[in-house]
Every structure is written in structure tokens, then in C-alpha cells.
Amino acid sequence: MTVPTLEELNSLPPTIDLMTAARMLGIGRTKAYELARQGEFPCHVIRIGEQYRVSTADLLRLLRATDDYR
């Protein structure tokens, strides 16, 4: 996987799937789902039915890919 540019990161939708977020953080599939189930994923995860979505804004703050560190 190539490293996304800041422009690509800023064009992401409000939420992204768990695996996209996990790849950006260097976390494997099994560990990502384990952390999400335990409520320990390093950024905000939203559960919609059986699907996990990750807050893009929270992920970008974690990665320090934005100037908004609130």
C-alpha cells in the first residue's frame, strides 16, 4: 500500500471502513477487529449493525495529518 498524500487524506468521506483505517495505522485485520470489539481501537469506531466505521476526523487527528488537534 502506498502512503496517501495529505490531499487524499483530506478528501476521505466522514467515516471509513475499519480495514482502511487499520491499514493506515499498520494494524492487521484480526487485531483491528479485536480492538474494535473491545472498544480499544485507537480512534472512534461506530458500529452499524455488523459493520464498523471509523471517524475520519478522529483518525486524521491521531495521525496528525490535520491542523485541527481538538
Side-chain angles (χ1 to χ4, degrees):
M1 181 178 153
T2 61
V3 177
T5 65
L6 187 55
E7 184 176 309
E8 291 169 328
L9 291 174
N10 287 328
S11 69
L12 290 171
T15 64
I16 57 175
D17 64 273
L18 183 66
M19 288 316 306
T20 299
R23 280 192 300 273
M24 293 173 79
L25 294 170
I27 299 173
R29 182 182 197 282
T30 302
K31 190 63 168 181
Y33 279 98
E34 177 186 323
L35 292 171
R37 276 193 306 277
Q38 295 172 349
E40 296 181 11
F41 198 79
C43 50
H44 184 68
V45 175
I46 303 161
R47 178 109 189 237
I48 303 170
E50 294 182 16
Q51 196 177 66
Y52 291 100
R53 302 293 294 179
V54 175
S55 164
T56 301
D58 200 32
L59 178 63
L60 293 177
R61 277 191 292 274
L62 179 68
L63 294 172
R64 296 182 185 250
T66 178
D67 291 333
D68 182 8
Y69 298 115
R70 286 183 233 154

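Reckoned from all heavy atoms, side chains included, excluding hydrogens, waters and symmetry mates. For this chain, numbers begin at 1 and follow the sequence in order.
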Problem set entry | Straight-line distance of Q51 CD to T15 OG1, nearest 0.5 Å | 8.0 Å

For this session: Enter the distance from I16:CD1 to L60:CG here, rounded to the nearest 0.5 Å.
Result: 7.5 Å

For this session: Please report the shortest heavy-atom distance between I27 and A32, naming the atom on each side.
Result: CG2-N, 3.6 Å

Exercise. So do the side chains of L25 and L59 get within less than 4.5 Å of each other, counting heavy atoms only?
Worked result: yes

Exercise. Please walk me through it: do Y33 and M19 pass side chain to side chain contact (heavy atoms under 4.5 Å, CB included)?
Worked result: CA-CA 9 Å; Y33 279 98; M19 288 316 306; 3.7 Å; yes

Problem set entry | Reported CG-to-NE2 distance for the pair L62 and H44, which is rounded to 0.5 angstrom | 14.0 Å

Exercise. Is it true that E34 and R37 make a salt bridge, defined as a side-chain N closer than 4.0 Å to a carboxylate O?
Worked result: no

For this session: Determine the minimum heavy-atom distance between D17 and R53, stating which atoms define it.
Result: N-NH1, 3.5 Å

Exercise. Between the main-chain N or O of G49 and the side-chain N or O of R47, is there a donor-acceptor pair closer than 3.5 Å?
Worked result: yes

